[in-house]
Every structure is written in C-alpha cells, then in structure tokens.
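Here is the structure we will look at.
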Amino acid sequence: MNFDVMSDQDILATLGSRLKDTRLQQRLSQDELATLSGVGIATVKRVESGDGMSLTTLIALLRALGKLHQLESLLADAGISPLQAATAGKRSKPVQRIRRKSPPSQLVADNTSTQVQEPAAGWVWGDENQ
C-alpha cells in the first residue's frame, strides 16, 4: 500500500483497520483493548473506524497490542551527522577569560584609613590658573 498517494483520511482508515485486525488476531474485544491501553472504549471504536487519533492514543494502543516496536521503523534514527563526524575528534580551544587591568596604585582605596589624598604638587584644576 502506498501512503504517498492516499489522503489523510484514507491513511487514518487504513491504520484503524490494521489496528482492528491486530486486535482480532489477538482475540481481544474492544473493551479489553480499551482496558489494557488505558483509553476509553469510544476511543477504540473511533480509531478503528478511521475517525482519527492522537499520537498518545496510538502509542497506548500499540503498547497494549505488543506492537510498539513497529514505531521504530516510522522515523529511523538519523545517527551522526557529517558535521558531527568531522568535528568529533577535534578538541576546541579552551575559552580564555579576559582579565581586567588593575587600577593604578594611587586610586586603590585603603580600607584602614579615611584620609583623602591630596593631588601631587604643581597639579591644578584648569580654572585655578586665573
């Protein structure tokens, strides 16, 4: 069966039919499947009739039917990408931290004294020359 040429509704009907066939092969009633899967019997009926289902419901039904392993073939694991393979053996350069320059020694505050340092002799503000 080629899902590529089928409508979404046709695919849902096919999946529902396959789930029903699997349930019948295992000699389970709809009520028993509902109990095993933890979904309501109305949900089982709706799925089997092709009215749609959530992915969570599909997982619960497949688990109850012992067919959860079939989801593995749905989307195969991509494995490692070519970029990951190319960079796998290489170690990146360690990140270096930028250190701040320490302030000039005359600006460092002395925690033990509260004295204000006077400017060096000969130093004046720009407006004091007048």
Side-chain angles (χ1 to χ4, degrees):
M1 181 160 295
N2 188 358
F3 284 146
D4 289 332
V5 296
M6 296 172 67
S7 70
D8 292 350
Q9 191 58 43
D10 290 340
I11 293 171
L12 287 171
T14 301
L15 290 176
S17 175
R18 289 182 184 182
L19 285 168
K20 180 178 181 178
D21 292 344
T22 304
R23 175 183 62 80
L24 292 173
Q25 286 174 355
Q26 295 183 12
R27 301 184 192 278
L28 293 172
S29 68
Q30 288 178 329
D31 190 40
E32 291 170 326
L33 179 58
T35 302
L36 288 172
S37 64
V39 301
I41 189 166
T43 301
V44 173
K45 289 178 181 182
R46 189 176 63 248
V47 168
E48 288 184 355
S49 68
D51 287 340
M53 69 192 106
S54 69
L55 184 56
T56 305
T57 300
L58 177 62
I59 291 169
L61 292 171
L62 289 174
R63 180 175 283 127
L65 293 169
K67 301 292 183 179
L68 191 57
H69 63 278
Q70 291 183 349
L71 278 181
E72 283 288 329
S73 63
L74 182 65
L75 290 173
D77 187 14
I80 189 168
S81 73
L83 180 60
Q84 289 172 328
T87 60
K90 297 179 182 177
R91 292 188 183 200
S92 63
K93 273 171 75 175
V95 178
Q96 293 183 351
R97 296 182 59 127
I98 298 175
R99 295 185 182 168
R100 294 183 184 191
K101 293 182 179 180
S102 59
S105 60
Q106 64 186 3
L107 296 178
V108 175
D110 183 7
N111 292 336
T112 59
S113 89
T114 57
Q115 296 177 354
V116 176
Q117 294 181 356
E118 292 295 323
W123 186 89
V124 293
W125 291 100
D127 59 353
E128 293 178 4
N129 290 333
Q130 299 170 354

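The structure presented is a predicted model; accordingly, all values stated were derived computationally and were not measured. Quick note: numbers below take in every heavy atom, side chains included, and nothing from hydrogens, waters or symmetry partners.
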Donor-acceptor contacts, no H, no angles, side chain residues 8-15, under 3.5 Å, sequence neighbours left out:
residue, atom, partner, partner atom, Å
Gln9, NE2, Gly50, O, 2.6
Asp10, OD2, Ser7, OG, 3.2
Thr14, OG1, Asp10, O, 2.9

Exercise. Looking just at side-chain N and O atoms, do Asp31 and Ser29 make a donor-acceptor pair shorter than 3.5 Å?
Worked result: no
For this session: State which residues pass side-chain contact (heavy atoms from CB on, under 4.5 Å) with Gln26; sequence neighbours excluded, sorted by chain then number.
Result: Thr22, Leu28, Leu65, Lys67
Exercise. Would Ile41 and Met53 show up in the same hydrophobic cluster when neighbours are defined by side-chain heavy atoms closer than 4.5 Å?
Worked result: no
Exercise. Do you reckon Leu24 sits in the same ILVMFWY cluster as Val47, going by side-chain contacts under 4.5 Å, direct or chained?
Worked result: no
For this session: Begin from the C-alpha positions of Glu48 and Arg23 and carry the test salt bridge (charged side-chain N to carboxylate O under 4.0 Å, His left out) through to its verdict.
Result: CA-CA 10 Å; Glu48 288 184 355; Arg23 175 183 62 80; 2.6 Å; yes
Side chains of residues 55-64: which donor-acceptor pairs under 3.5 Å do they make with residues two or more places apart or in other chains?
residue, atom, partner, partner atom, Å
Thr57, OG1, Ser54, OG, 3.0

For this session: First locate atom CE of Met6, then atom CG of Asn2, and finally report the distance between them rounded to the nearest 0.5 Å.
Result: 9.0 Å
Seminar exercise, completed: The reported gap from CG in Leu19 to CG in Leu33 (rounded to nearest 0.5 angstrom) is 8.0 Å
